[in-house]
Structures are given as C-alpha cells and as structure tokens.
Amino acid sequence: MFSRKRKPTGKTAAKPSKSTPNLPMWPTHLSLNNNESGVGYGGSNADTQRLLAGRKRAEQACDVEDGENTKFLHDAITQMEQWCQGTDGATGEEEEQKTKVTSTLADVFRNQIPTDWNHRAKLYHAALDLTSLLSSKREFVPLLGDPDDVESVVYWLDDFGQQAEQIVKHESTTAANKARKGGGKDIKFANRVVEVRNEAVKMAKLYNGKPEEELTMFSFGERYQGELGPMRFDTVESMDNHYFLKQIPNAPNTLNTRKLFRELAAYRNALPVEYGSSAFCRVINSRLDLLRVMITGPDGSPYANGCFFFDINLPSTYPRVAPKVQFLTTGGGRIRFNPNLHNGGKVCLSLLGTWQGPGWISGELTLLQVLISIQSLILVPDPYFNEPGFEASRGTTQGNACSTRYNANIRQYTIDAAIKSHLSSILKNKNAYPEFEGVMVKHFLEKRSLIEKELKSWAQEDSRLKSQVQSVLELFDRLSAREKEARRGGSRSKHSLDSAAKRPNQPTEPIQLDDSDVEEVIPLAAAGKSEETIEIDLCDDTHDNIKETTKVYKKGGLNDIVDLT
C-alpha cells in the first residue's frame, strides 16, 4: 500500500428500521434473568490486597526513578551549555551522554499522562527545559530526531503537546474551571508544553527536510492506526440521545471536572486502536460525567468488525465508585449479544458491581480498565462459555456444538445490528451516533476488503446469512462511491469536512496492491531514478477496472543544515 508517511498512532439505542428482518431471539435455553448471568474476574479479596500492596511498591520505585532522571536532566543542561562554549569536536563520552539524553527525554514524554502532571512536575519541567535548550542550539537540533520516527524525542513531545492542547481548550472554554482553584496552574503548564513542542517540531522539521511527496510502504494495520489513531478521543458539544441524560439532566456540583478531564485527555493515547479491535470515546464538553464509547468487534470472534456502543455515566464520587455503563447495540431491545450484554442494555461485569467476584477498587481503578475488560473478557471468540456453569463443557463434543450454534446466531446479530444498520443509517443521513460517523466510515472502508471476505465466509458456513451479506456488500459500494464523489469536489459529507480540517495534506484514499497486481517491487534508488510515472491497475474480482496514474518520488533528505540562529 502506498501512502504518505504519518504517525502509526501521536476522539439511547437507535430504533430498528421497519425493513429490518426479524432475527432469532436469544436461545430459549439461556436464562434472561439479569441476576443469573455474567462473568467477572476470578479470585478472592486477598488478591485485591496483594494488588494494592504491589501497586504501592511500584509507585515508590517510580518516584525513586523520577528523582534520578530529574537530576540527570538538570546535570545534562549544565553539561551541554558547557559543550556549547567549547570548540573541540565531540568526544566519545559526549556522544554517549547525548544518546542517554535522547532516550531519557523520549521515555519521559512517552510515559506522561495528565493525571501525573502535578505529582511529576519537577521531572516534566526539567525535560521541557532541556528540550528548549536543544531547540535553541543548532548543534543540538539533531538530538530532537525526526517527527515521523516513533523512537524520537520530538515524536512523543508532539503527542504531549496534543494532550496539552486538549487541556487548554477545555479549561479555557469552561467557566467553572477558570474559577476553580488550580485551573490556572494547569493552563500555564499546558501552554508551556505547547510552546516547547511547537518550537521543537519546527526546528526538527527544518533539519529533517523531506521531499513534498514520499513513497512509503505501509501494512494495512499501520495505515488503520494512522487513519483512526488520532480519532480515539474527542469532545462534542452535545449528545441529546445519551441514555443517562434524562436521568441526570445536570452535572453534579461535586464532580471534580478538572481532575476528570486530565484522566480523559490521556485516552487519546491510552485507548487501544488496532486493526483487530479498537475503542473510541466521545465526551460532552460541558458534561464530563457523560461519555459514549464505540468498540469494534475483535477479529476472529462472532462480533468481528461490528461497531458496538456504550453510554457511560461517571458518578460524582468517581473514581471512588464504579462508573455506570449502558449497552446500546441491542437492535431496539431485541438482541442479547452475550451472557454479559443483555437485550435491556445491562452490562454484567464484576468491576461494575453487576456480577459477583472482585469488584471496583476505590480510587485505584479507572474507566479504562472497564473498557478493556469489555473488549477482552466479553467480546470473545466463544461467548457461549461466558454463561455461568457452561465453562465446564468447553472442549467437549456437546459444548463445542452448542458454542458453534450460539456463534451462528451472534454472527447474524452482528451483521444486522452492528454493521448493516450503521451503514444504512449513515447513507440515509439518520445516524444515531453522528459524533462517531467519521470513525465508522473510516473503520468500514479501511477494513472493507477483510470485512467482505469474512462475511462471505460466514455466508458459506450459514446460508441464512446470504441475503444480509449481499445487502452489506451493496451498502459498501454505495458508501465508497459517496466518499469518492466527496473527494472529487462534490457535495462533501460533514465527517469528510471535519476529517480534512483536522488532518490537512493527508491522502484520502490508499492505493492497495495485492499479489495479482505486482510481481516484483524494484526500489527507485536502485534504478537510479528520482521520479517516475507508473500505472497501477486497481482492479479486483468484484469491482470494475479502474486505472490511475500516480507519481512516485524517491525518499530523500536534506543533509545541509539550515542556519537556525
């Protein structure tokens, strides 16, 4: 796949359509009693005590390491200022010291999260002071690295700066936070991060000048992460159909929005975005206690590639108490997707207190652990065995047969309620989740080839799915045509405009090659060419032949340093 280079990473359920076919309900032999189903973590209360003790030891070790790194960074500033005054070439000792500086800075910026800003303030200020020095001295600019290199200082500083911008945006637009004690301190620090980031990125780009176009090979997974990674987390002005909005029309006065937003801002990195399965979050800017999350079904499971939605309320005493979670993708209350995901929207998980087992650890756990648990413990390849007592039949002939029949029903539900209904509503401009429309469109189109192959495979195994799969394939054709028309300058959809505004100068359509298109790839550099026009056949077995001509440029760098003084 050819594409410009970018970061591989660093934002009430809809009623079913009348045309929706009647789907088989939950198997009659499985109980629908909300108090009799669900899984949690195995273990006992002693496990909780060991977890807390281990966490305390880890925090103490981290504090010691932070102190050592802070001293090292301060010493490095003094040392490098002395080097600037010297005229001799760099010694081996100096080169070793510079290597340690870059690795330490990259680690500090990579591992920061807004909730740690106060506790680790000395370390972060020392890192920013040293980075400012690197940016201001021509001989030290190379230490910042390439903005596109995931191991470089400037790559992770840029990510730090994007989190800081989120903090500034929220604190500056929320009157309550302006007046709250400590709010101004957050803005001051965040502004400094953005200032240092801007200067470092500018100088690094000048030093690492590249041709305007660049040929880069990406895997499907890398491209998916590059396209959807920046969309992990975002704020929205409203979500009028949020499940908890009617129950809690006003935010509680005791909610610590400043601390909460610092936790949520870290989600732009912390939420998993992978080709196999991802999680995305949106929060109401004026109601940080109300969130909505979209989780894509993991590959290899009967939920594969579907989009599943959850509304979340963070109580005023969060994180001392667990969040409240409501499952939305229920086909209007008809579908029970899992022993833990009831057709009424209940999510059974011990962390939430909705099932037995080790529960919420006050002040220690966060919403992120809940989301990861849903993704990894509930949306699993064999959900049949999540039902209490059914695990004992795993591996037996009868158990495997029951699991296969169970998955066949779940696949049908996934196609109807988690793929087809979303595609249809987007094309009809009636999407119940407009805050995720851009994410859904990119998700479906980036994985279109895989999704189509998987759905066809499901239909071969279960003839009941053939008509549904054919409908999905037709919807994919319509969505793809709409997006191509938008890119050609026609009437642009809202999500396309938003995406273009957030990600300027990014390619909007990958050139995808498979084995039938290319027999051998010869590097241009080996051929002695800096620019060449090639014709790529983009046809496949299911689409009309389309031929496009694209210019390919040899990757080059700017070796001569620009006078930065």
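Values reported hereafter were calculated over all heavy atoms of this structure, with side chains retained and with hydrogens, waters and symmetry mates removed. Treat the numbers as computed from the prediction; the structure is a model and nothing was measured.
- Defined by atom type and a distance below 3.5 Å, a donor-acceptor pair is present between the side-chain atoms of Q369 and T366.
- Checked against the 6.0 Å centroid threshold, F109 and Y155 do not count as a close aromatic pair.
- Applying the salt bridge (Lys or Arg N to Asp or Glu O under 4.0 Å) test to residues at least two apart or on different chains, the pairs with a partner in residues 349-364 are R55-E364.
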Inset, instruction - Tell me, with the steps shown, if R268 and D159 meet side-chain contact (heavy atoms from CB on, under 4.5 Å). - result: CA-CA 9 Å; R268 64 174 307 279; D159 184 77; 2.9 Å; yes
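- Between the CG atom in L445 and the NE2 atom in H443 there is a gap of 10.0 Å [rounded to 0.5 Å].
- In this structure, the separation between NZ on K456 and CG on L465 is 14.5 Å, given to the nearest 0.5 Å.
- No donor-acceptor contact under 3.5 angstrom links the side chains of E391 and Y384, judged on distance only.
- Using modelled atom types, one finds no donor on one side chain facing an acceptor on the other under 3.5 Å when comparing W156 with Q112.
- Relative to the six-membered ring of F327, K346 misses at least one condition, a distance below 6.0 Å or an angle of at most 45° to the axis.
- Between K324 and D289, none of the side-chain N atoms (NZ, or NE/NH1/NH2) sits under 4.0 Å from a carboxylate O, so this pair counts as no salt bridge.
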Legend entry - Verdict with supporting geometry, N241 and R292, side chain to side chain donor-acceptor pair (under 3.5 Å): CA-CA 11 Å; N241 60 347; R292 179 167 289 162; 3.2 Å; yes
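- Atoms CG and NZ, on L473 and K420 in that order, are 11.5 Å from each other to the nearest 0.5 Å.
- No close placement of the Y303 and Y413 rings is indicated, their centers lying 6.0 Å or farther apart.
- No donor-acceptor contact under 3.5 angstrom links the side chains of R405 and N400, judged on distance only.
- Between H422 and Y433, the angle of the ring planes goes over 60°, which puts this pair in the perpendicular group of the 30/60° scheme.
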